[in-house]
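Following: one structure in structure tokens, then a few remarks.
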2 protein chains.
Amino acid sequence: MAEINSNTEQNILKAAKKVFVEKGMAGARMQEIANEAGINKALLHYYFRSKEKLFEAVFTEILSKLIPNISELLLSKLPLFEKIEKFAEHYIDTLLENPSIPVFILHELNRDPEGIARKIKSLGIQPKVFINEVKSEIEKGTIIQIDPFHLIVNLLSMCIFPIVSQPILRHIIFEEKEDVYLAFIEQRKKEVPEFIINAIRKK
Amino acid sequence: MAEINSNTEQNILKAAKKVFVEKGMAGARMQEIANEAGINKALLHYYFRSKEKLFEAVFTEILSKLIPNISELLLSKLPLFEKIEKFAEHYIDTLLENPSIPVFILHELNRDPEGIARKIKSLGIQPKVFINEVKSEIEKGTIIQIDPFHLIVNLLSMCIFPIVSQPILRHIIFEEKEDVYLAFIEQRKKEVPEFIINAIRKK
DNA sequence: GTCTATATCGGGATAGAC
DNA sequence: GTCTATCCCGATATAGAC
């Protein structure tokens, strides 16, 4: 067990991840992945029989790193407001490292709703704990009546969407100024939780 | 002027739109577009010289219908809170008709940031009016201090993201129940403005 | 395990008849 | 304007030497 996967295999996966995420399954070229990995096309097929198989491997790896990240924070023992603060901060950071991943996932989901969705589901996300926590805060009267699902979706939306629409925001609003855009996203780590807590806190 | 474009040309555009939005530029097949339009591959090239040109036509059409829709509402004369309410309602409706379009745009933007972004910019979005309106409400003391950009981005995020992540939400949260998901989105037309106004109204 | 060379096929594009 | 037939390139995949 704990067998160390060969260096080449890891190189390939890393290169494939980059190219697939950028270009999508259909737009990616095996040649480009080979170049990126500094090896030969034939070797790709030696390690992963086909493009399809290589894609599966990449996609599964991406999901299995991303999803637990979400779950972990939602399940942690922090009080609700702090949880929201920590979540926004960590999640925006994670997304900044791989800003193209959400669009990649959503795009591929469009292509193959069946297969991909099954993969996601098999990772077993558990929103129950968080939902109960929200309900209990409502009963305690610390926050207003709100459907926990809307709260989660609002939180996720405000964290994820500004990152995935980076190209549009950069061009339309920030006129190409990369640093201004990044400062804006940086602010959002505080701004989003504040906004949410303002919206739900009972005064 | 006001020349009526041939029926065939319109059929092609409609078919191409469907296939391109679903599969993306790279994943789309000219054959599939031809089938969808009930015509022959060669005819596609007769009307639009190449796949690239056809794609351009489709993309431009999509943008020119979507963007003015946004601008119009943001520029209207309604008071701020009503504007937010109307915007959420109309925008969510628009998205429900074409839920795949935002991801399509974002995906293609990843592929060709230069070209696509130029197209978007050339449509001339004007957020100035809305921004000034927010600033004036802050001065009047009706809403809290908030950067208008964050407000716009929050509003757009909460409208757009839940629709584009429909496949994920449906599978993870709503366990395939299409109608439950749709009811949820329907609620959001009221929920989102309420949430936002709660967050910014001075009490 | 890694390479070069090649088979095979799918898909965009064109030619030319009607 | 619309079709059938065909060209031709690019991309996946395989064979086989090292």
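- A salt bridge between A/E22 and B/R111 is absent, with no side-chain N of the basic residue lying under 4.0 Å from a carboxylate O of the acidic one.
- At the phosphate of D/dT14, neither OP1 nor OP2 sits under 4.0 Å from any side-chain N or O atom of A/Y46.
- Computed from coordinates, the B/I39 CD1 to D/dT4 P distance equals 12 Å when rounded to whole Å.
- One atom, CG of A/N35, and another, C1' of D/dA11, lie 13 Å apart when rounded to the nearest Å.
- Note that A/R188 lies outside the cation-pi zone of A/F161, set by a 6.0 Å cut-off to the ring centre and a 45° limit from the axis.
- Between the CG atom of A/L44 and the P atom of C/dC3 there is a distance of 10 Å, given to the nearest Å.
- A straight line from CD of A/Q10 to P of C/dG1 spans 14 Å, rounded to a whole angstrom.
- A straight line from OH of A/Y47 to C1' of D/dT12 spans 20 Å, rounded to a whole angstrom.
- Summarising the geometry, the separation between CZ on A/F48 and C1' on D/dT14 is reported as 18 Å, rounded to the nearest angstrom.
- The aromatic rings of A/F184 and A/F174 sit tilted, their planes meeting at an angle between 30° and 60°.
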*Treat primed atoms plus P, OP1 and OP2 as sugar-phosphate and everything else as base, then score nucleotides 11-18 of chain C 5' to 3': B for base contact with protein heavy atoms under 4.0 Å, S for sugar-phosphate contact only, - for none.*
SBBBB---
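- A salt bridge does not link B/E85 with B/K189: every distance from a Lys NZ or Arg NE/NH1/NH2 to an Asp or Glu carboxylate oxygen is 4.0 Å or more.
- Counting to the nearest Å, the C1' atom of C/dG1 and the CD1 atom of A/I12 are 11 Å from each other.
- Relative ring orientation between B/F59 and B/F104 is described as tilted, the plane-to-plane angle lying within the 30° to 60° band.
- Distances shorter than 4.0 Å separate none of the side-chain N or O atoms of B/S6 from OP1 or OP2 on D/dG1.
- Closest of all the heavy-atom pairs between B/V21 and A/N110 is O-ND2, 4.4 Å.
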